[in-house]
Amino acid sequence: MTSRKRRQFLAFGATLGLASCNKETPAKVDSAAAPTMRPYGDRSPFEKTKRAARESTKSIGVGSSRTPLQDLYGTITPSALHFERHHAGVPPIDPATHRLVLHGLVDTPLSFTMEDLRRFPSVTRPHFIECAGNGGGELVGNAAPDAARSHGLLSNSEWTGVKLSTVLAAAKLQPTAKWVIAEGADACRMARSIPIAKALDDALLVYAQNGEALRPEQGYPLRLLLPGWEGNASVKWLHRLHVAAEPALSYEETAHYTDLHPTGKATIFSFEMEASSVITRPSGTQKISGPGPVEISGLAWSGRGKVSKVEVSADSGKSWQLATLDEPVLSKAATRFRLAWNWDGQPTSILSRCTDETGYLQPTRDEIIAARGPNSTYHYNGVKSWLIAADGSVSNA
Ligand SMILES: Nc1nc2c(c(=O)[nH]1)N[C@H]1C(S)=C(S)[C@@H](COP(=O)(O)O)O[C@H]1N2
Ligand SMILES: [Mo]
């Protein structure tokens with residue numbers, strides 16, 4: 001054995017735990033070849049999936065990156081693959097010096113350290129975050145090649161933090177309090193106005209994501225999390241809550257994230273993300289290796305509550321079959337659906353449509369255009385189809 005071959009053999013043995021089975025002194029292994037016992041883990045070097053990023057060429061740190069939905073399993077988005085949307089970069093914040101200030105129409109203005117916030121009773125809940133711009137390219141006919149680029153401004157994590165209502169109660173709201181204006185500590189001080197009813201309902205101040213501290217890109221050390229509402233309102237790097245009688249009418253709630261009508265008027269504060277779904281496998285850029293059994297699987301979600309059913313069509317929308325939903329189906333969280341299918345080798349298109357617990361059915365693109373006109377790219381949730389060619393390759397229909 002050459003020494004290189006021997007080293008590889010020993011490294012292989014160590015991975016299988018063989019080195020400790022024989023009574024010899026443990027083999028010295030090349031740490032690059034056998035990365036065991038790492039203090040902080042990483043995926044297999046064979047796994048390459050990554051976020052699809054689009055950064056501004058004009059401003060540093062401005063842009064978005066998308067979750068590669070087509071490569072993922074289950075419902076939880078790995079933190080390293082959570083989509084990102086930054087309007088002014090990712091501020092590096094030391095949690096030891098970070099403060100959350102709560103003031104305005106409260107009896108007792110307060111300033112909290114991160115440790116103060118962790119002393120409150122906490123909750124852990126899985127929820128999706130979806131950017132209001134998700135899927136908007138489909139409305140204007142941009143044929144995104146894959147599910148990341150069509151629907152990847154959607155991720156689903158298990159969040160831990162304290163209910164905003166708990167923190168507001170500590171300061172005691174005054175009767176005139178109608179809005180909570182949340183402001184981030186990023187360079188643009190991104191701010192959004194939250195109606196008091198949502199603040200007192202299920203709004204969370206979260207400091208953890210998938211069991212560990214938030215990632216910097218998700219708002220470390222503290223973000224607002226508004227279950228089911230457009231992602232923009234979940235203010236990251238949260239450092240200020242101003243309780244007020246009126247909304248701030250900030251940049252992000254007037255110049256952006258509004259729904260433009262054909263008349264030229266626009267609706268502001270379209271907070272709830274309506275029911276939507278996307279098939280992630282098979283989906284754009286993937287290839288079915290040949291006719292026969294194939295599982296059709298994807299994600300469905302609704303900002304109004306639980307997904308109650310998902311129907312799948314494998315014949316371009318002529319007939320629909322009920323998909324199986326993975327349990328548990330949770331409110332305002334991504335739900336995995338599956339349908340066993342037998343591909344006959346003929347070209348076709350596959351589609352999914354979601355119904356939520358309010359009875360709302362995900363509309364088609366044509367229905368959305370008929371209702372809102374062709375310019376309203378925010379809050380797009382049209383039925384998505386993928387085209388399957390005779391050779392099994394999948395593309396955007
Ligand atoms: N302070 C601050 N909060 C922010 C943003 C931002 O740029 N700054 N982006 C918003 C937008 S547009 C979205 S869609 C979500 C994205 O959250 P994520 O980057 O954790 O996926 O955060 C929101 N909160
Ligand atoms: Mo967004």
Side-chain angles (χ1 to χ4, degrees), residues 51-56 59-69 76-93 98 100 126-137 148 151-161 180-194 203-210 212-242 248 250-259 269-273 276 301 303 334 377-381:
R51 293 184 279 220
R54 204 180 71 189
E55 270 189 68
S56 165
S59 326
I60 296 163
V62 179
S64 59
S65 72
R66 292 156 170 272
T67 294
L69 298 173
I76 295 292
T77 308
S79 301
L81 295 174
H82 196 286
F83 88 87
E84 304 164 85
R85 176 74 182 97
H86 314 309
H87 292 83
V90 177
I93 297 178
H98 189 69
L100 173 68
H127 286 299
F128 71 81
I129 297 182
E130 182 181 23
C131 178
N134 198 28
H151 286 78
L153 295 176
L154 169 92
S155 302
N156 192 65
S157 294
E158 189 193 76
W159 306 100
T160 298
V180 178
I181 299 154
E183 186 187 78
D186 45 347
C188 65
R189 296 289 192 261
M190 206 207 84
R192 287 294 308 255
S193 312
I194 315 305
L204 303 174
L205 301 179
V206 300
Y207 41 76
Q209 169 187 8
N210 299 333
E212 63 180 352
L214 288 176
R215 292 287 164 111
E217 298 83 354
Q218 266 68 63
Y220 182 86
L222 185 70
R223 87 178 295 166
L224 184 63
L225 200 278
L226 301 176
W229 282 22
E230 60 179 8
N232 185 260
S234 285
V235 174
K236 302 190 277 188
W237 312 294
L238 185 69
H239 73 169
R240 187 154 82 102
L241 294 170
H242 180 212
S250 67
Y251 179 71
E252 298 291 342
E253 60 200 21
T254 51
H256 290 290
Y257 303 104
T258 58
D259 299 319
F269 300 134
S270 308
F271 291 121
E272 274 167 328
M273 299 304 292
S276 190
W301 62 97
T377 55
Y378 288 120
H379 309 103
Y380 176 84
N381 64 333

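Atoms within a ligand are numbered from 1 in the order they appear, just like the ligands themselves.
- Judged by distance alone, the side chain of Q209 and the main-chain N or O of R215 form a donor-acceptor pair under 3.5 Å.
- Within ligand 1, counting atoms from 1 as listed, the ones closer than 4.0 Å to a heavy atom of G231 are 13 (C), 14 (S), 15 (C), 22 (O), 23 (C).
- Nearest protein neighbour of atom 11 (C) of ligand 1, counting heavy atoms only, is N232 CA, 3.5 Å.
- Below 4.0 Å from some heavy atom of H86 lie the following atoms of ligand 1, by number and element: 7 (O).
- Inter-residue side-chain proximity for W237 and V90 is flagged as met; some heavy-atom pair is nearer than 4.5 Å.
- Formation of a donor-acceptor pair under 3.5 Å by the S56 side chain with backbone atoms of G63 is not found in this model.
- Taking every heavy atom of Q218 and a limit of under 4.0 angstrom, the matching atoms of ligand 1 come to 18 (P), 19 (O), 20 (O), 21 (O).
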From CA spacing to verdict: side chain to side chain contact (heavy atoms under 4.5 Å, CB included), H239, R189: CA-CA 9 Å; H239 73 169; R189 296 289 192 261; 3.5 Å; yes
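- Taking a 4.0 Å cut-off on heavy atoms, S234 registers as neighbouring ligand 1.
- Contacts between D186 and ligand 1 below 4.0 angstrom, taking non-hydrogen atoms only, involve the side chain exclusively.
- For atom 9 (N) of ligand 1, the nearest non-hydrogen atom of the protein is R85 O, 3.1 Å.
- In this structure, S155 contributes its side chain and T77 its backbone to no donor-acceptor pair below 3.5 Å.
- For atom 7 (O) of ligand 1, the choice among E252, H87, Q209 with the nearest heavy atom turns out to be H87.
- Between R223, M190, E84, it is R223 that holds the heavy atom closest to atom 20 (O) of ligand 1.
- Without hydrogens or angle criteria, S193 side chain to I181 main chain gives no donor-acceptor distance under 3.5 Å.
- Partners of H98 under the side chain to side chain donor-acceptor pair (under 3.5 Å) rule, at least two apart in sequence or in another chain, do not exist in this structure.
- By the 30° and 60° cut-offs, the orientation of the rings of Y257 relative to H87 is perpendicular.
- Taking each of F83, W237, Y257 in turn, the one with a heavy atom nearest to atom 18 (P) of ligand 1 proves to be F83.
- Residue E130 does not touch ligand 1, judged by heavy-atom distances below 4.0 Å.
- Residues L100 and L238 form a side-chain contact, since some pair of their non-hydrogen atoms from C-beta on lies under 4.5 Å apart.
- Regarding atom 3 (N) of ligand 1, its nearest protein heavy-atom neighbour is K236 N, 2.9 Å.
- Here the heavy atom of the protein found nearest to atom 14 (S) of ligand 1 is C131 CB, 3.4 Å.
- In the vicinity of E217, heavy-atom distances shorter than 4.0 Å reach the ligand 1 atoms 19 (O), 20 (O).
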